[in-house]
Amino acid sequence: MGTTSSALMMLFALFFIERLEFICSSTNSNVSCIASEREALMKFKGNLTDEANRLSTWVGEDCCTWKGVGCSNKTGHVVKLDLRNPNLDSYGPNFEMNKLRGQISPSLLDLNHLHYLDLSMNDMQISNSLGSLKSLRYLDLSGSIFDATIPHNLGNLSRLQYLNLSNNYLSGPILDTLGRLTSLTVLDLSYDTFNDSMLYSLCNLSNLIHIDLSFNRYGGAMPHCLGNLASLSILRLNSNYLQGPIPSEMGNMTQLKDLDLSQNQFEGPIPSEMGNMTQLTELDLSSNAFACEIPNSMRNLCNLRVLDLSYNMFTGKLSTSIGSPFGCIHNSLEDLLLSSNKLSGGLPNHLGEFKKIERLIISRNSFYGPLPSSLGRLSYLRELDTRDNQLNGSIPISLGQLSKLEYLDLSNNSFVGTVFELHFAKLKSLNELYLHSNSLVLNVTSQWVPPFQLQVIRLASVKVGPQFPQWLETQKNVTVLDMSNASISVVIPDWFESIYCGIVALDLSNNQIKGKLPICQKCKYRSSAIDRWLYLSSNRFEGPLTPLPSDVYLLDLSNNQLTGVIPVSLCKVKNIAYIKFSNNQLSGRIPPCLWQLDHLFVLDLTNNSLYGEIPSSLGSLQFLNSLHLRKNRFHGKLPLSLQNLTFLFTIDLGENVFADNITSWIGYNLTNLRFLNLQSNNFYGDIPP
Ligand SMILES: *[C@@H]1O[C@H](CO)[C@@H](O)[C@H](O)[C@H]1NC(C)=O
Ligand SMILES: *[C@@H]1O[C@H](CO)[C@@H](O)[C@H](O)[C@H]1NC(C)=O
Ligand SMILES: *[C@@H]1O[C@H](CO)[C@@H](O)[C@H](O)[C@H]1NC(C)=O
Ligand SMILES: *[C@@H]1O[C@H](CO)[C@@H](O)[C@H](O)[C@H]1NC(C)=O
Ligand SMILES: *[C@@H]1O[C@H](CO)[C@@H](O)[C@H](O)[C@H]1NC(C)=O
Ligand SMILES: *[C@@H]1O[C@H](CO)[C@@H](O)[C@H](O)[C@H]1NC(C)=O
Ligand SMILES: *[C@@H]1O[C@H](CO)[C@@H](O)[C@H](O)[C@H]1NC(C)=O
Ligand SMILES: *[C@@H]1O[C@H](CO)[C@@H](O)[C@H](O)[C@H]1NC(C)=O
Ligand SMILES: *[C@@H]1O[C@H](CO)[C@@H](O)[C@H](O)[C@H]1NC(C)=O
Ligand SMILES: *[C@@H]1O[C@H](CO)[C@@H](O)[C@H](O)[C@H]1NC(C)=O
Ligand SMILES: *[C@@H]1O[C@H](CO)[C@@H](O)[C@H](O)[C@H]1NC(C)=O
Ligand SMILES: *[C@@H]1O[C@H](CO)[C@@H](O)[C@H](O)[C@H]1NC(C)=O
């Protein structure tokens with residue numbers, strides 16, 4: 001998107017500079033200004049606060065030399081006023097300081113030769129009579145109006161060519177008024193809250209090159225007459241409440257390069273005339289309600305670089321539309337984004353002819369059949385995402401040729417067979433690999449040194465074992481590693497510690513891993529907001545709980561053979577929210593210091609050999625939602641402090657030897673409780689009504 005639109009903006013800029021060539025700015029001035037206009041500027045300045053002293057040059061006689069002021073070298077009249085906030089980074093530290101603030105003085109209207117007025121990115125209360133500046137050709141008030149009113153007589157600016165009112169929270173109807181501005185070439189009303197439905201008001205503005213109404217609340221249908229705008233190059237109507245079909249007259253906009261209708265409620269059918277918009281380079285119809293086929297005329301869009309049809313209900317096959325061997329779309333397309341539709345059928349071999357394709361995203365559809373091996377020819381491919389389809393067959397070896405591939409997601413399909421080293425032969429750019437939820441086997445040698453450095457590895461249910469994959473030792477940058485249900489049945493090797501510290505989400509559950517838990521002695525606390533998730537459940541880990549990284553958020557060690565006590569060091573894992581130690585052989589007491597874990601949400605100690613009383617200090621775990629102590633040897637009374645835990649949803653105390661008067665305990669306080677198990681204890685008293 002960037003290159004086209006910036007090239008276009010350059011064009012507009014040149015256009016205006018050309019028109020204003022008779023201006024002399026402060027550098028080449030040789031005319032002195034007209035006294036009444038100097039007066040007007042002084043009044044204008046007087047009504048503004050100027051924290052950054054931007055108007056410091058506004059002194060002396062010759063107002064034509066003042067910064068931001070431009071005069072005609074023919075007549076000496078002020079024709080240009082450019083006071084755009086010079087700090088364009090709205091998050092930068094100087095942006096606020098550089099704003100000119102205050103009411104626009106009515107004296108501005110005395111500058112009645114003004115052609116060019118740019119007050120953007122300030123904080124101005126706009127005078128209602130700006131519409132009297134009859135000579136204006138260029139008006140930029142973007143991001144500058146703080147009182148949410150628009151000059152009511154804007155429609156009088158019959159010479160206006162450029163109007164930018166974006167980023168102002170302006171509301172109400174406006175298009176009717178603007179329909180009188182027959183000279184307009186650029187209209188930007190984006191990021192306001194305009195809500196009229198009179199798009200047809202724009203139909204007679206036949207000079208329009210650029211319309212941006214995105215991020216507003218425009219409603220209604222797209223009028224047929226918009227097709228009259230034969231010079232239009234950019235049309236952005238995205239993120240509104242527009243509905244109905246795309247009129248076939250749109251096909252008359254043969255100069256259109258960039259069409260964005262995303263995030264509306266448009267529905268099908270798509271007119272085949274859209275295939276006539278042969279200048280199109282970007283077409284975004286994503287996030288609408290199109291429930292129709294992709295017209296096969298689209299394959300004639302020979303300049304199209306980006307086609308985004310994601311998040312609709314498109315049906316039909318690729319082989320008869322954009323993926324058919326006829327047409328020319330394959331010569332230019334870089335992004336083909338089709339995620340989340342109802343497309344079906346096989347992937348045509350012809351996809352291999354999309355020579356420039358960089359992103360091929362077809363996830364969440366109903367495609368079936370094999371991945372064509374021709375995909376291996378897409379030498380610019382950076383992202384290939386086929387997840388959540390019904391693709392089957394084996395993974396073609398040719399994918400290993402995609403040396404620019406960064407993101408490969410084949411998950412949740414029905415792929416079968418073995419993935420070898422050759423599948424990755426030249427994938428030196430690969431960063432994220434998702435093969436999970438298929439019926440794949442990963443068979444590489446223990447000496448394999450992959451060409452990539454992966455950050456995300458998701459191999460759940462891929463048969464990786466029985467050995468722990470040696471090649472992981474070469475991956476120094478892993479943040480997500482999911483090898484759950486991967487048939488690993490050995491001890492975790494010592495070298496694993498060298499990559500363990502960097503892993504934010506580790507899932508090794510549902511294997512038969514033996515030996516000690518992985519150790520992370522040297523892991524430093526990560527300053528990032530992301531806390532660690534460690535799923536190590538359903539293995540054959542044994543021995544004591546080893547020191548944990550201190551930034552664990554979720555720790556699931558359930559269904560192992562762990563022994564020893566719950567270490568006091570657990571109390572230092574400050575952000576932990578989920579502790580699941582169920583179905584192990586842990587012994588000893590609950591450490592009273594556990595009260596320090598004030599984010600704790602779930603504490604599951606079910607089926608261990610723990611004993612002792614529940615420490616009364618646990619009453620300060622104010623966010624605790626689930627407390628599972630079933631099948632241990634806990635005894636004694638329940639501490640009254642637990643009544644403080646008003647978020648408790650589940651309490652399971654069954655199969656212990658608690659002995660307490662339940663009548664006095666349950667009380668009235670645990671109002672969120674939905675599950676209470678007291679079975680097989682020595683509780684007594686009545687259950688209170
Ligand atoms: C005005 O100044 C511009 C730029 O300095 C120059 O190109 C142009 O010829 C001048 N016009 C007249 C009428 O002097
Ligand atoms: C400025 O004006 C003076 C006198 O009117 C003239 O001699 C001189 O050439 C002008 N300079 C420029 C750069 O136009
Ligand atoms: C603007 O300035 C004039 C004097 O130039 C003053 O009378 C008026 O009150 C000012 N208005 C505001 C809103 O500050
Ligand atoms: C309108 O103004 C905004 C903010 O200044 C700017 O980002 C945008 O490019 C402008 N639109 C046009 C079409 O020039
Ligand atoms: C400006 O437009 C209004 C209608 O919106 C009209 O009544 C008024 O006469 C016009 N003003 C000028 C100065 O043309
Ligand atoms: C616009 O397109 C329609 C068909 O889609 C056609 O009948 C009409 O003549 C076209 N109008 C112009 C002005 O080209
Ligand atoms: C526009 O598209 C329609 C249908 O695809 C076609 O019949 C017509 O000839 C095209 N018009 C032009 C001017 O290319
Ligand atoms: C892995 O590949 C080797 C050599 O290609 C083969 O001998 C072995 O049987 C394969 N193992 C599995 C589990 O497929
Ligand atoms: C590790 O990841 C970071 C962040 O994405 C990246 O900047 C860095 O280059 C990577 N290092 C290696 C060795 O790939
Ligand atoms: C429980 O709440 C009561 C009153 O709100 C408070 O006095 C007591 O200290 C709390 N107990 C614990 C263990 O936090
Ligand atoms: C528990 O409920 C009883 C009865 O409503 C009340 O007196 C007591 O203050 C409550 N305790 C806490 C800690 O909220
Ligand atoms: C249990 O507690 C209730 C209320 O505090 C009390 O009335 C009752 O006598 C107690 N029951 C036993 C068996 O101590």
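In this chain, residues are counted from 1 in sequence order. First listed ligand is number 1; within each ligand, the first listed atom is number 1.
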Ligand 4 atoms in contact with Ser166 (distance to a heavy atom under 4.0 Å): 1 (C), 2 (O), 3 (C)

At what distance is the nearest protein heavy atom to atom 5 (O) of ligand 3, and which residue and atom is it? Lys43 CG, 4.4 Å

Are any of the N/O atoms on Asn167, whether in the backbone or the side chain, positioned under 3.5 angstrom from an N/O atom of ligand 4? no

Atom of Leu603, atom of Leu594 and distance for their closest heavy-atom approach: CD2-CD2, 4.1 Å

Distance-minimising heavy-atom pair for Ile270 and Met298: CG2-CE, 4.1 Å

Closest contact, heavy atoms only, Asn98 versus Ala52: OD1-CB, 3.3 Å

Should His210 be counted as touching ligand 4, given the test is an N or O pair under 3.5 Å? no

Contact (N/O only, under 3.5 Å) between Asp140 and ligand 4: no

What about Tyr684: any of its N or O atoms under 3.5 Å from an N or O on ligand 12? no

List every atom of ligand 4 that sits less than 4.0 Å from any heavy atom of Arg84, numbering the atoms from 1 in the order shown and giving each element. 5 (O)

Using distance alone, with no hydrogens and no angle criterion, decide if Arg217 and Thr193 have a side-chain donor and acceptor under 3.5 Å apart. no

Is it the case that the side chain of Glu37 and the backbone of Val78 share a donor-acceptor pair, with hydrogens and angles ignored and the cut-off at 3.5 Å? yes

Enumerated ligand 4 atoms positioned under 4.0 Å from heavy atoms of Asn164: 1 (C), 2 (O), 3 (C), 8 (C), 10 (C), 11 (N), 12 (C), 14 (O)

Gly219 backbone acceptor or donor facing Asn195 side chain under 3.5 Å: no

Are Gly143 and ligand 4 in contact, using a heavy-atom cut-off of under 4.0 Å? no

Determine whether the interatomic SG-SG distance for Cys225 and Cys203 falls below 2.5 angstrom. yes

Check ligand 4 against Met121 and write out every atom of the ligand that is under 4.0 Å from a heavy-atom position of the residue. 4 (C), 5 (O)

Any atom of ligand 4 sitting under 4.0 Å from a heavy atom of Asp212? no

Should the SG-SG distance of Cys64 and Cys33 be recorded as below 2.5 Å? no

Atom 6 (C) of ligand 12: closest protein heavy atom, distance to 0.1 Å, is Asn661 ND2, 4.0 Å

Indicate the atoms forming the closest heavy-atom contact of Met253 with Leu235, along with that distance. CE-CD2, 4.2 Å

Among all the protein's non-hydrogen atoms, which is closest to atom 2 (O) of ligand 3, and how far away is it? Asn47 ND2, 2.3 Å

State the atoms of ligand 4, each with its element, that fall below the 4.0 Å cut-off from a heavy-atom position in Val186. 13 (C)

Would you check whether Ser142 has a nitrogen or oxygen atom less than 3.5 angstrom from a nitrogen or oxygen atom of ligand 4? yes

Starting from atom 13 (C) of ligand 3, which protein heavy atom do you reach first, and at what distance in Å? Gln103 OE1, 2.8 Å

Write down the atom of Leu189, the atom of Leu175, and the distance for their closest heavy-atom approach. CD1-CD2, 4.0 Å

Could you tell me which non-hydrogen atom of Arg54 sits nearest to which non-hydrogen atom of Leu83, and how far apart they are? NH2-O, 2.7 Å

Please tell me if atom 9 (O) of ligand 12 is touched by the protein, where touching means a protein heavy-atom distance below 4.0 Å. no

